[in-house]
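Note that the structure is predicted; figures quoted are calculated from it, not measured. Position 1 is the first residue of the sequence, and the numbers go up from there.
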Amino acid sequence: MSAKIQTRAYNPDTCQSLIAAGADPLLARLCAARAVASPAELQDKLAGLLPHQSLKGCAEAAARLADAVLARENILIVADYDADGATACAVGMKGLQSMGAMVDFLVPNRFEYGYGLTPAIVELAAGMEPDLLITVDNGIASVEGVAAAREHGIATVITDHHLPGDELSEADVIVNPNQPGCDFPSKALAGVGVMFYTMLALRAELRERGAFAGKAEPNLAELLDLVALGTVADVVKLDHNNRILVSQGLQRMRADRMQPGIRALFAAAGRDAARATTFDMGFALGPRLNAAGRLADMSLGIECLITDDMGRALNIAQELDKLNRERRAIEADMQQEAMAGLDSIDPGSHASLTLFQPEWHQGVIGILAGRIKEKFHRPTIAFARGNEGELKGSGRSIEAYSMYEELCKCKELMTKFGGHPMAAGLSLAGEEMIEPFRRALNDNSTLTEEDFVEKVVIDVPMPITYITKNLIRQLSLLEPFGKGNTKPLFAQKGLTVLNYRIFGKNRNVVKVQLADVGGYQ
């Protein structure tokens with residue numbers, strides 16, 4: 001079934017109020033479809049950020065961290081192994097060091113320790129003799145890990161953005177916009193955004209205590225390139241608050257006022273930082289950073305982000321680029337094997353696809369699931385072997401299917417699982433559970449044939465005669481683009497392709513010359 005074109009929904013009342021406020025009618029329509037309710041929300045000044053005081057736990061975390069800084073306690077950051085976790089760790093390391101803290105970091109190897117602040121990670125951390133653990137981009141579900149830290153006499157501050165489970169840990173402080181009782185208006189902060197807010201609060205607390213008397217305060221705006229990269233790479237919704245953070249980070253990149261590690265990643269990717277976009281962060285820098293966590297150890301990626309030595313940053317970025325090329329090769333082989341396996345079945349007869357090969361790489365199955373999901377427009381879960389016979393799975397979904405809710409229907413078949421509507425991670429006890437799991441997912445599915453039709457969402461039908469330099473300027477007011485603030489898409493029927501040219505390193509770019517029925521090109 002071919003893709004179906006549909007027009008993006010918008011709020012007509014918001015559109016009219018924007019027009020009444022002086023907005024161009026087309027821009028008003030685009031804004032109203034992206035939850036932009038006023039012209040002020042198109043501004044990207046730092047003064048427009050939501051105050052850190054409204055983020056539950058932020059003031060308490062700042063007070064505990066200020067005590068640790070002034071008492072010269074040993075602080076240890078426990079990071080996640082993706083780009084959001086790496087940038088959050090770098091923001092914590094650089095922010096805390098700029099305020100005089102004694103701080104180090106630890107990032108779990110995903111293949112040995114799995115995700116989050118587990119008791120095993122606490123045991124490893126205890127060997128570094130910290131007084132205080134800070135989690136970044138993880139920890140909200142680490143009930144047992146926090147308890148283990150308490151047994152060791154180690155305090156814990158959780159900074160996270162993931163949805164909490166039924167039980168919260170007994171951490172000293174939790175900073176998470178999605179925790180119960182938090183009224184912070186933006187629930188879309190990435191892990192790096194939560195850590196940046198914590199650093200803002202810590203600076204304010206130290207200022208209140210007179211810690212900066214007679215010396216310059218640290219300029220935390222210097223960390224915004226890291227915040228922008230982690231926010232875009234984690235594909236969180238770009239609401240107004242996140243658009244400010246990303247826009248400010250982009251401006252620093254374009255002005256060559258960025259961390260050496262970010263500059264090195266641009267160089268390794270062959271991208272021009274002076275013309276940086278969210279595409280660069282999501283598809284060039286982010287994947288190279290993630291490659292460390294997928295194939296090796298994210299400590300390498302974090303070292304790239306925190307070093308002040310440009311030579312060292314360039315060397316690490318080249319290593320990350322090599323890992324990314326290796327990851328692409330592994331992914332290509334896995335995708336070929338997956339497609340060969342699907343030749344024996346009709347994917348169209350399955351509500352969801354469950355894939356497994358014993359040799360598949362655990363760090364790449366999430367990407368594979370995403371690729372197969374895109375090709376067949378069906379929820380897809382790919383499995384690889386884990387430790388001691390266990391299978392590790394990673395799933396990617398379509399809009400009509402909440403993967404987390406569907407997994408809840410067959411939770412008795414899994415040893416553990418977690419996630420959200422569009423993606424999930426899970427474990428099975430062994431290979432013998434693959435078929436029961438596959439059957440359960442398909443038997444429980446309520447998807448219809450219409451759900452399997454890919455949707456191409458346009459903003460408005462628009463003649464090509466409307467495409468002018470003024471229109472381009474108007475559209476630029478909506479930047480930066482990303483999840484929840486997608487690039488505008490227009491359509492016109494009756495166009496004729498006059499000629500086209502395919503180019504690019506991978507022959508994946510096409511330039512087309514079009515003409516409408518009136519001959520306008």
| remark: Heavy-atom closest pair (L426 atom, S394 atom, distance to 0.1 Å) is CD2-N, 4.4 Å
| message | Would you say that more than 12 heavy atoms from the other residues, nucleotides or ligands in this model lie under 6.0 Å from the CD of Q336, or not? | response | no
| task | Assess R501 against F503: is NZ or CZ under 6.0 Å from the centre of the six-membered ring, and within 45 degrees of the ring's axis? | result | yes
| field | Residue list, side-chain hydrogen bond (donor to acceptor under 3.5 Å, both in side chains) with D160, at least two apart or on another chain | value | H162
| task | May I ask you to check whether over 12 heavy atoms, not counting those of F212, lie within 6.0 Å of atom CZ? | result | yes
| field | Listed partners of D13 passing side-chain hydrogen bond (donor to acceptor under 3.5 Å, both in side chains), at least two apart | value | none
| field | Any donor-acceptor pair under 3.5 Å from N138 side chain to V136 backbone | value | yes
| task | Specify the closest pair of heavy atoms between Q492 and I464, including all atoms of both residues, with the distance to one decimal. | result | OE1-N, 2.8 Å
| said: The criterion is side chain to side chain contact (heavy atoms under 4.5 Å, CB included); which residues satisfy it with E479, sequence neighbours excluded? | reply: S476, F481
| request: Tell me, please, which residues at least two apart from E399 pass salt bridge (charged side-chain N to carboxylate O under 4.0 Å, His left out). | output: none
| field | Main-chain N/O of D234 paired to D82 side chain as donor or acceptor, under 3.5 Å | value | no
| request: Tell me, please, which residues at least two apart from N315 pass side chain to side chain contact (heavy atoms under 4.5 Å, CB included). | output: none
| said: Quick test of your reading of the model: are K56 and D183 salt-bridged, counting only N-O distances below 4.0 Å? | reply: no
| Is the shortest side-chain N to carboxylate O distance from K322 to E326 below 4.0 Å? | no
| said: List the residues meeting salt bridge (charged side-chain N to carboxylate O under 4.0 Å, His left out) with R254, not counting sequence neighbours, and say none if there are none. | reply: none
| said: As a quick check of understanding, evaluate salt bridge (Lys or Arg N to Asp or Glu O under 4.0 Å) for R29 and D459, giving each step before the final call. | reply: CA-CA 8 Å; R29 168 75 176 261; D459 282 281; over 6 Å; no
| request: For D451 and T448, run side-chain hydrogen bond (donor to acceptor under 3.5 Å, both in side chains): C-alpha distance rounded to whole Å, both residues' side-chain angles, the deciding distance at 0.1 Å, then the answer. | output: CA-CA 5 Å; D451 295 327; T448 66; 3.2 Å; yes
| Are K4 and E450 close enough for a salt bridge, meaning some N to O gap below 4.0 Å? | yes
| remark: Nearest heavy-atom contact between P164 and N178 is CD-O, 3.3 Å
Distance-only check: which donor-acceptor pairs under 3.5 Å involve side-chain atoms of residues 301-308, not counting sequence neighbours?
| residue | atom | partner | partner atom | Å |
| --- | --- | --- | --- | --- |
| T307 | OG1 | D309 | N | 3.1 |
| D308 | OD1 | K94 | NZ | 2.9 |

| said: Restricting to non-hydrogen atoms, name the atom on K45 and the atom on Q248 that form the minimum distance, rounded to 0.1 Å. | reply: CA-NE2, 4.0 Å
Donor-acceptor list for residues 189-200 side chains, cut-off 3.5 Å, not counting sequence neighbours:
| residue | atom | partner | partner atom | Å |
| --- | --- | --- | --- | --- |
| Y197 | OH | L50 | N | 3.4 |
| Y197 | OH | L50 | O | 2.7 |
| Y197 | OH | N241 | OD1 | 3.4 |
| Y197 | OH | N241 | ND2 | 3.1 |
| T198 | OG1 | V194 | O | 2.9 |

| message | If I compare all heavy atoms of E41 with all of V36, which pair ends up nearest, and what's the gap? | response | OE1-CA, 3.6 Å
| message | Can you tell me if E405 has over 12 outside heavy atoms packed within less than 6.0 Å of its CD? | response | no
| query | Got a donor-acceptor contact below 3.5 angstrom from the D225 side chain to the M258 backbone? | reply | no
Table please: side-chain donor-acceptor pairs of residues 280-299 below 3.5 Å, with sequence neighbours left out.
| residue | atom | partner | partner atom | Å |
| --- | --- | --- | --- | --- |
| D280 | OD1 | R271 | NE | 2.5 |
| D280 | OD1 | R271 | NH2 | 2.9 |
| D280 | OD2 | T277 | N | 2.9 |
| D280 | OD2 | T277 | OG1 | 3.4 |
| R288 | NE | D321 | OD1 | 2.8 |
| R288 | NH1 | A284 | O | 2.9 |
| R288 | NH2 | D321 | OD1 | 3.2 |
| N290 | OD1 | A83 | N | 2.7 |
| N290 | ND2 | G286 | O | 3.4 |
| R294 | NH1 | G363 | O | 2.9 |
| D297 | OD1 | S299 | N | 2.9 |
| D297 | OD1 | S299 | OG | 3.1 |

| Who pairs with Q97 by side chain to side chain contact (heavy atoms under 4.5 Å, CB included), at least two apart in sequence or on another chain? | M93, V103
| With sequence neighbours excluded, what pairs up with K237 under the side chain to side chain contact (heavy atoms under 4.5 Å, CB included) test? | A188
| query | Rounded to the nearest 0.5 Å, how far apart are CG of D24 and CG of L18? | reply | 11.0 Å
| note | Separation between CD1 (I158) and CD1 (I174), nearest 0.5 Å, reads 6.5 Å
| Pairing residues for R203 by the salt bridge (charged side-chain N to carboxylate O under 4.0 Å, His left out) criterion, not counting sequence neighbours | none
